[in-house]
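Here is the structure we will look at.
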Amino acid sequence: MSMGIKRLAIILGVLILLVVAAGGLLLLFLPTDEIRDRVVAESSAWLRRPVEVESMAVSWWGGFGVSLQGMTVGNPEGFDGEPLLRAESLDVKLQFWPLLSGDYQVDRLVLRQPQIRLLRQSDGRDNFTFPRQAEASPQTAADPSEAADTGDARRLNFDRLEIVDATVTWVDETAGQRMTIDDLDLATEILLSGTEELRAAGTLALAGVHGSANEERPAYNLRFNYQVTLDRAADRLQVTDTTLALTQTGSGGATGELQLGGVVNGLLKALTGEASATGDRADMDLRLAGDLDLALAAPYLAAAGHPDLRGRLTLDLALTGRPDDGATWRPKGSITIHDAAYGDDMIPLPVDRFAAKMTVAPEQIAVEEMTARLGENDLQFSGTLDHPFPTLLPFGGERTKAGRKPFFTFRLTSGRLNVDQFMPQAVPGAETSAVTTPSGEISPVILPDIHGDGRFQVTELIYNRMTLRDVSGRVSLRNRTIRCTDVTGNVFGGRIRAEAAADLSSPAQPDYSGTFAAEDVEVNDVLERFTEFGGHLFGKVSLSGDYHTRGLARETILQALRSQGSTRMEQGKLVTSGTIHTVLNGLARQVGETFDEEQALQHLAAGFRVADGKVYFEGLQFDVRPLGGVSVSGYYSFDGQVDYSGVILLSEEWSARLLPQQGSLGQIGRLFSGGRQSTRLELPLKITGSLDSPRMNLDYKAMLQNAGQNLLEGGASQLLRRLTGQGDKEDEPKKK
């Protein structure tokens, strides 16, 4: 919009010069047609592009009047299509007697239904840049402002300047942009008093501003009331009683109003380039206040997620610095956001309510209060942002390299925070994530380039379906990496300590890492959450480890996950069922016992790691009385496959009961213990299949192959047949 208005002002200035030139020629009392032809010829030479006027009329009633009908200003060479300007008419009424002394007093200038097309081609050339006057303008088309610069008292004043029902189209082929301003109306008064002062006051109204690439976006109605005074001698621009009102088109359209006032010094020297030669710099002292509906910004948000933004923004700011250098800008005042809400198909959870109150100073923004409600989640922020400018300014020139990055010192509290509603549950054993989008895409998290330190306190934190209570810790933000340290909380009936980091410097491929240590947590809760073995092991366990992964989608995070650690438990309970209980109970029957589904367990210890889509348990050991000790290693995969192997080291009591003769105990003990002297039998164990349907067996055949056939004599042979379920049937005489 600003580009279109700026270029429209350039076109308007050109038209004013044409009218002045026409006025000078009319004083010669030439025929109208000849005057029109000379105006067209002089204008074409001045602009270096074709100019056409269908007809021209002259009036002396109430002053000196000129009316140009069917005016067209063409494009420079190398441009096709619609011309730069096409207007229905241009009407000018000047006071006759001041005109004789070179004082151009315009009672009224009206430009009706102009269609202005501003085009920048893909090669960078545009149709709205005009040659400098010294290069193109003939002597007869002198700029009246030049006379003013020489000290003459000639003036160009407008009691009423109007543009009626204009359409401005902006096309930038290099950026792929197109914007249209519909129904532009301008009514203003301009008074130039020699070299001293220029005053302007009036109204600029736009009925619609939109980009034709997406006609569904709402257009804007804009009304700009302004009053400015330019002291050319002092190079001082004074802005007073200036307001900008915005209204979105359509029913229930958003509204907003801004008030601007203040002073800009050195503006003319900066615009003409004189400041660069003298080293002078423009400076401003402005005040901006207003109240805006946040929905006015919705069309500028990414359209893919169909964003819905509501609420109001109230601001009262003073701004000093150099207009062309954002590094010098020093805002001061207050910003308040009321009853805001935001929804987007690309985010997992909408913001139901948001409010903030901030005090702005040149070196600090104080967040006095910031609250948000997202479904069941509530957040409260407070803190300070040091050195916020110019980094957080969306415009305003280059930023100084020596400037410090903004630093956010904050405190975050929450009664309930369900992290699972914001990011995928990407750990082994997790069910399908609740985070879904219609397109299956996950919006990356983009952090501003700031640093910060803070503390957080959450009464109830839900993470990967774990409910942690009274969670607290520290947060640091450096180079778009969030680190949480000294994190403590209560979970699974025990206490947890953790550290975590999320590197978001690559938003599409974030990197996560951390460490954890849990004391006296309920092992069944851990197994139910992170494995598929819930319901089999109970008791208090301690575990520690680390992890590392990357990505946005759950599948990507799981495949990249790497973790390792260890666990231990002194006392607990083992619950067996299905195939596993059947096998163990069959072994117990061999010694004349039964194996209950619930058994006491002692001295559990294991190492674990996660890699390549599998969860490995290495050296898992525990004792079950009176069975003996169990030692297994292996893995289960994320797709549910199981592959574990190990041994059951029977207790001395059960080993003795399994032997047919006490005298052969030593020999058979060596057989089943790999040749070592032992009174305890080692039974190879194998668990395969799937998590839904595991298979367990005691691999006696493997023992026989390892021991050698020469040892399979007498008691050993009978024992093995009993262990395999054959008993002594083969030794019984056959019935006749």
Side-chain angles (χ1 to χ4, degrees), residues 428-431 523-524 526-538 558 567 572-591 593-599 601 604-624 626-651 654-655 658 672-674 680-707 719-727 729:
E431 297 176 354
V523 65
N524 184 63
V526 176
L527 292 174
E528 283 188 335
R529 178 60 199 94
F530 298 106
T531 75
E532 301 295 338
F533 300 136
H536 298 292
L537 190 61
F538 297 86
L558 281 175
T567 182
K573 180 177 66 175
L574 176 67
V575 178
T576 60
S577 61
T579 301
I580 295 177
H581 179 259
T582 299
V583 172
L584 294 177
N585 194 42
L587 177 61
R589 286 199 302 268
Q590 299 296 323
V591 297
E593 299 284 350
T594 60
F595 191 85
D596 294 336
E597 290 186 345
E598 295 187 6
Q599 296 286 338
L601 177 146
L604 182 145
F608 62 84
R609 64 185 178 92
V610 180
D612 304 321
K614 298 176 181 178
V615 178
Y616 295 86
F617 285 97
E618 299 168 333
L620 172 60
Q621 299 178 351
F622 56 88
D623 294 332
V624 178
L627 172 66
V630 179
S631 177
V632 296
S633 294
Y635 69 86
Y636 79 89
S637 60
F638 294 166
D639 60 5
Q641 299 303 305
V642 175
D643 189 352
Y644 288 99
S645 60
V647 296
I648 298 178
L649 181 61
L650 292 180
S651 65
W654 279 30
S655 296
L658 285 173
F672 290 101
S673 61
R680 300 179 64 179
L681 303 182
E682 292 184 5
L683 305 181
L685 178 66
K686 189 72 174 178
I687 303 176
T688 57
S690 66
L691 292 170
D692 295 331
S693 181
R695 298 188 300 272
M696 176 180 176
N697 62 77
L698 299 176
D699 195 359
Y700 307 118
K701 184 177 180 180
M703 290 191 303
L704 296 176
Q705 293 173 347
N706 293 335
L719 173 61
L720 290 173
R721 284 198 296 270
R722 290 174 58 194
L723 291 176
T724 56
Q726 298 177 8
K729 294 181 180 180

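Note that this is a predicted model, so its numbers are computed, not measured.
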State the [atom1]-[atom2] distance between [X] and [Y], to the nearest 0.5 angstrom.
X	Y	atom1	atom2	value
Y636	K614	OH	NZ	13.0 Å
H581	D596	NE2	CG	6.5 Å
D612	Y635	CG	OH	11.0 Å
L584	R589	CG	CZ	11.0 Å
R695	I580	CZ	CD1	12.0 Å
L650	L683	CG	CG	4.0 Å

Practice item. Determine, step by step, whether T567 and V526 satisfy the side chain to side chain contact (heavy atoms under 4.5 Å, CB included) criterion, reporting the C-alpha distance in whole Å, the side-chain angles of both residues, the deciding distance to 0.1 Å, and the verdict. Key: CA-CA 11 Å; T567 182; V526 176; over 6 Å; no

Practice item. With side chain to side chain contact (heavy atoms under 4.5 Å, CB included) as the test, would you mind laying out the steps for L537 and F622 before giving the verdict? Key: CA-CA 11 Å; L537 190 61; F622 56 88; over 6 Å; no

Looking at every heavy atom in both [X] and [Y], which two are closest together, and how far apart are they?
X	Y	value
S633	G619	OG-N, 2.9 Å
S651	P626	OG-O, 2.8 Å
L649	E682	CD1-CG, 3.5 Å
E598	V575	CG-CG2, 3.8 Å
N524	H536	OD1-N, 4.1 Å

Exercise for review: Answer whether the closest heavy-atom distance between the side chains of K686 and D643 falls below 4.5 Å.
Suggested key: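 They are in side-chain contact.
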
Practice item. Verify side chain to side chain contact (heavy atoms under 4.5 Å, CB included) between Q621 and V632, making sure each step is shown before the conclusion. Key: CA-CA 7 Å; Q621 299 178 351; V632 296; over 6 Å; no

Review point. L620 and Y644: side chain to side chain contact (heavy atoms under 4.5 Å, CB included), yes or no, with the steps?
Key: CA-CA 10 Å; L620 172 60; Y644 288 99; over 6 Å; no

Check your understanding: Backbone N or O of F595 within a donor-acceptor pair of the N585 side chain at under 3.5 Å?
Key ->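 Yes; judged by distance alone, with no hydrogens or angles, the pair exists.
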
